[in-house]
Chemist: 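Below you'll find the structure I mean.
Throughout, a chain's letter reflects where its sequence line sits, starting with A, and its residues are numbered from 1.
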Amino acid sequence: MKRALVFVLLACLAWLASAKEATPLADDPVVEQRLIAISQDMRCLVCQNESLAGSRADLAEDLRRELRELIRQGRSDEEIKTFMVSRYGDFVLYRPPLKPTTWLLWIGPFILLVSAIAALLIYVRGRRNEQAPAELSDQEHERARALLREGEEA
Amino acid sequence: MKLRYLVPLILFAALTAFLAVGLSRDPHEVPSPLVGKPAPAFDLPQVATPGERFSPASMKGRVWLLNVWASWCTACREEHPLLMEFSKTHAVPLIGLNYKDQPADALKLLARAGNPYQLSALDLDGRVGIDWGVYGVPETFLIDKNGVIRHKQIGPITEEALRETILPLIEKLNKS
């Protein structure tokens, strides 16, 4: 029994050792976790459709190194965001801030939605008015009858 | 009644206009928030003479250009002849920021292709580059007499950019 326990403990230790080797970046898992949380919402400047967390570009690696240092210094998320924005602009943020230059970006889709709904309502209402059943005049009744008769004779 | 048939056409025209504008813009050109702000300070050794250092503060009172380059950067070779020509005019001092390069490689390149720079500062780990918001080499900054960044050229300087933007701006800044 004792032997088994020692074996299990040793196995755990071995697992720990190998885990450490497999992730050389994460020398401090807490820092790394915050780094990932922050950099996931940031754009890599080189490969613009990748997040800073996922990019393998040299610059992304350098920036992660800088951010890691800021995190270790105990900077807040807001300060780290400011660090990035002051260098690369709002473009680095996947969630751009709400300000005059981005109003259209934030409100635009809602304007489109509202105007589309308005257009639809106007269209539907217009059709409802048009659909009043058309009354045939006596003259038209006469013509219809004549046409039908022609058809029968042929 | 006729107007109704025009609506899809108008919408299509609007869409086309948006797409045309979108296509004519380069998504790699990210406007720098640093334009109009004081140039970030640094103090770096010089590539050719590692004993000496360079700091932007020493350029106060002069209009100057900072060109970010590296020997591994192919686009830099594109603008190199233009920089050589520019340096001959002595319009303003041209300082190099040698970005994440090996000094030996950098010196080799300058010896072979010519050195347009008054001096080049050595940014080995790219930290200064990050402070200046560099994300793609080459980049060129135009700094005024008060040490404020006035213009940023992203990517190689073209003859057109030099003639139509950079040189007129230099002239204007030199006068003020």
Chemist: Is it the side chain or the backbone of A:Val92 that comes within 4.5 Å of chain B heavy atoms, both, or neither?
Modeler: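 When you check distances to chain B, no heavy atom of A:Val92 falls under 4.5 Å.
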Chemist: Sort A:Glu69 into side chain, backbone, both or neither according to what part of it lies under 4.5 angstrom from a heavy atom of chain B.
Modeler: side chain
Chemist: Strictly by modelled atom types, are B:Ser71 and B:Asp101 linked by a side-chain donor-acceptor pair under 3.5 Å?
Modeler: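 Their side chains do contain a donor-acceptor pair, which is all the 3.5 Å distance test asks for.
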Chemist: Find out whether the Lys NZ or Arg CZ of A:Arg125 is both under 6.0 angstrom from the six-membered ring centre of A:Tyr123 and within 45° of the ring's axis.
Modeler: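 Not satisfied by the 6.0 Å and 45° rule.
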Chemist: Decide side chain to side chain contact (heavy atoms under 4.5 Å, CB included) for A:Met84 and A:Leu63; before the verdict, give the C-alpha distance in whole Å, the side-chain angles of both, and the deciding distance to 0.1 Å.
Modeler: CA-CA 9 Å; A:Met84 290 294 288; A:Leu63 283 171; 4.0 Å; yes
Chemist: Relative to A:Phe83, does A:Arg75 satisfy both conditions: NZ or CZ under 6.0 angstrom from the six-membered ring centre, and within 45 degrees of the ring's axis?
Modeler: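 No, A:Arg75 and A:Phe83 do not form such a contact.
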Chemist: With respect to chain B, which residue among A:Asp90, A:Asp62, A:Asp58, A:Val46 yields the maximal number of heavy-atom pairs within a distance under 4.5 Å?
Modeler: A:Asp62
Chemist: Given that the side chain runs from C-beta out, which part of B:Lys100 has a heavy atom under 4.5 Å from chain A: side chain, backbone, both or neither?
Modeler: side chain
